[in-house]
Amino acid sequence: MKKVYNSAAEALDGLLHDGMFIAAGGFGLCGIPELLLGAIKDAGTKDLTFASNNAGVDDFGIGILLQTKQVKKMISSYVGENAEFMRQYLSGELELEFNPQGTLAERMRAGGCGIPGFYTKTGVGTVIAEGKEHKDFNGETYIMEEGIFADLAIVKAWKADATGNLVFRKTARNFNPPAAMCGKTCVVEVEEIVPTGSLDPDTIHLPGIYVHRIIQGEHEKRIEQRTTRAA
């Protein structure tokens, strides 16, 4: 089965529709599938729900889709550094479902493993627990969280082979593996595609069974907050 495509638009062809649910990798400005997000913006797909740790910044990451009002709802852990996100949320234009970071990561991983729900102590006694099932285990209260099953997963990796085996680079690994797992279809952008068989099996972070389409492209390396001092 062909997995390598020539461009982000080509890789997303036939997958996008209004109102869809997308899981996106990335953390802060690290490991963001920027080329795929740009192609979604150009396609004009709207009323989107995104599960992603955060929404980038105003002009990068999911932030570019907030600018064009293509996002209806965010399922996120952190919403700082993005003035347009804050404006839309406070004005009631954008729905927001807060998740603790570990809970969000586990919801994605659970969905990828076919697990519909799990219990966690995180969030008990807070607004996170409101409306959720509570259950006691060994005298401790837990809440039930549901696995995430997205229509599409978009992620960013460092290297891939033609069969879709992925290697992530350092902290850019972040939410990308669990996000890739929980999409019915997973599209990946990488910095380099290497020959099949050239990756050491022990270095592969995500096996190609989860990956359906791949593109290679140039990526911007941003720093969220640059702090310097005089020598």
Side-chain angles (χ1 to χ4, degrees), residues 1-16 22-43 45 50-57 59-65 101 104-105 108-109 111-113 148 150-226:
M1 180 180 70
K2 173 188 174 183
K3 291 190 177 183
V4 179
Y5 289 74
N6 294 321
S7 68
E10 184 180 324
L12 291 171
D13 185 43
L15 300 179
L16 301 177
I22 301 175
F27 187 104
L29 301 181
C30 182
I32 289 177
E34 62 199 74
L35 305 179
L36 294 168
L37 288 167
I40 293 171
K41 176 184 177 181
D42 292 343
T45 315
F50 269 93
S52 177
N53 176 72
N54 58 291
V57 291
D59 62 343
F60 191 70
I62 298 172
I64 64 172
L65 299 176
Q101 283 183 340
L104 181 58
M108 290 180 176
R109 190 202 69 84
C113 294
I148 287 177
D151 299 312
L152 174 67
I154 55 172
V155 302
K156 161 76 164 52
W158 180 35
K159 291 183 180 181
D161 63 21
T163 67
N165 292 312
L166 302 182
V167 178
F168 300 92
R169 188 169 187 273
K170 302 186 184 297
T171 56
R173 189 171 174 178
N174 53 59
F175 271 78
N176 278 294
M181 292 172 66
C182 72
K184 294 176 184 176
T185 303
C186 175
V187 183
V188 182
E189 60 183 71
V190 299
E191 296 181 33
E192 182 181 4
I193 298 175
V194 300
T196 299
S198 65
L199 295 175
D200 181 345
D202 286 337
T203 68
I204 293 170
H205 297 132
L206 189 77
I209 192 171
Y210 289 106
V211 176
H212 301 89
R213 301 182 182 186
I214 312 163
I215 62 162
Q216 178 177 325
E218 297 294 324
H219 295 86
E220 184 178 350
K221 304 293 180 70
R222 288 199 176 196
I223 296 175
E224 195 162 353
Q225 297 287 346
R226 184 187 297 272

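Side chains included, hydrogens not; waters and symmetry mates left out as well; all remaining heavy atoms used.
Judged by distance alone, the side chain of Ser52 and the main-chain N or O of Ala55 form no donor-acceptor pair under 3.5 Å. Looking only at distances, a side-chain donor or acceptor of His212 sits under 3.5 Å from a matching main-chain atom of Cys186. In this structure, Asn165 contributes its side chain and Leu199 its backbone to no donor-acceptor pair below 3.5 Å. Counting only distance, with no hydrogens or angles, the side chain of Lys3 and the backbone of Thr163 share a donor-acceptor pair below 3.5 Å. With hydrogens and angles ignored, the 3.5 Å screen pairs a side-chain donor or acceptor of Arg213 with a backbone N or O of Ala11. Judged by distance alone, with hydrogens and angles left aside, the side-chain atoms of Asn174 form a donor-acceptor pair with the main-chain N or O of Cys30 at under 3.5 Å.
Across Leu36 and Ala8, no two heavy atoms sit closer than the pair CD2-CB, 3.9 Å. Closest non-hydrogen pair, Ile22 versus Ala150, comes out as C-CB, 4.3 Å. Smallest separation of non-hydrogen atoms from Gly26 and Asn176: N-ND2, 3.7 Å. Shortest non-hydrogen contact noted between Ala160 and Val190 is CB-CG1, 3.8 Å. Counting all heavy atoms, side chain and backbone alike, Ala179 lies closest to Ala153 at O-CB, 3.1 Å. Counting all heavy atoms, side chain and backbone alike, His219 lies closest to Glu191 at ND1-CG, 3.8 Å.
Taken from CG in Leu29 to CG in Asn54, the straight-line distance is 7.5 Å, to the nearest 0.5 Å. With values rounded to the nearest 0.5 angstrom, His205 atom NE2 is found 11.5 Å from Lys159 atom NZ. Here the straight-line distance linking atom CH2 of Trp158 with atom NZ of Lys170 works out to 8.0 Å at 0.5 Å rounding. Phe50 contributes atom CZ, which lies 4.5 Å from atom CD1 of Ile40 (distance to the nearest 0.5 angstrom).
Shown here are the salt bridge (Lys or Arg N to Asp or Glu O under 4.0 Å) partners of Asp151, two or more places apart in sequence or in another chain: Lys184.
Within the 4.5 Å cutoff, side-chain heavy atoms of Met181 are placed close to those of Arg109. With a 4.5 Å cut-off on side-chain heavy atoms, Val187 and Tyr5 do not count as touching. When side chains are defined from C-beta on, Val188 does not count as touching Tyr210, because their heavy atoms never get closer than 4.5 Å. Taking 4.5 Å as the limit, every side-chain heavy atom of Leu166 sits out of range of all side-chain heavy atoms of Ile214.
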Report task. Verify side chain to side chain contact (heavy atoms under 4.5 Å, CB included) between Ile32 and Ile62, making sure each step is shown before the conclusion. Result -> CA-CA 9 Å; Ile32 289 177; Ile62 298 172; over 6 Å; no
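More than 12 heavy atoms of other residues, nucleotides or ligands shown are found within 6.0 angstrom of NZ on Lys2.
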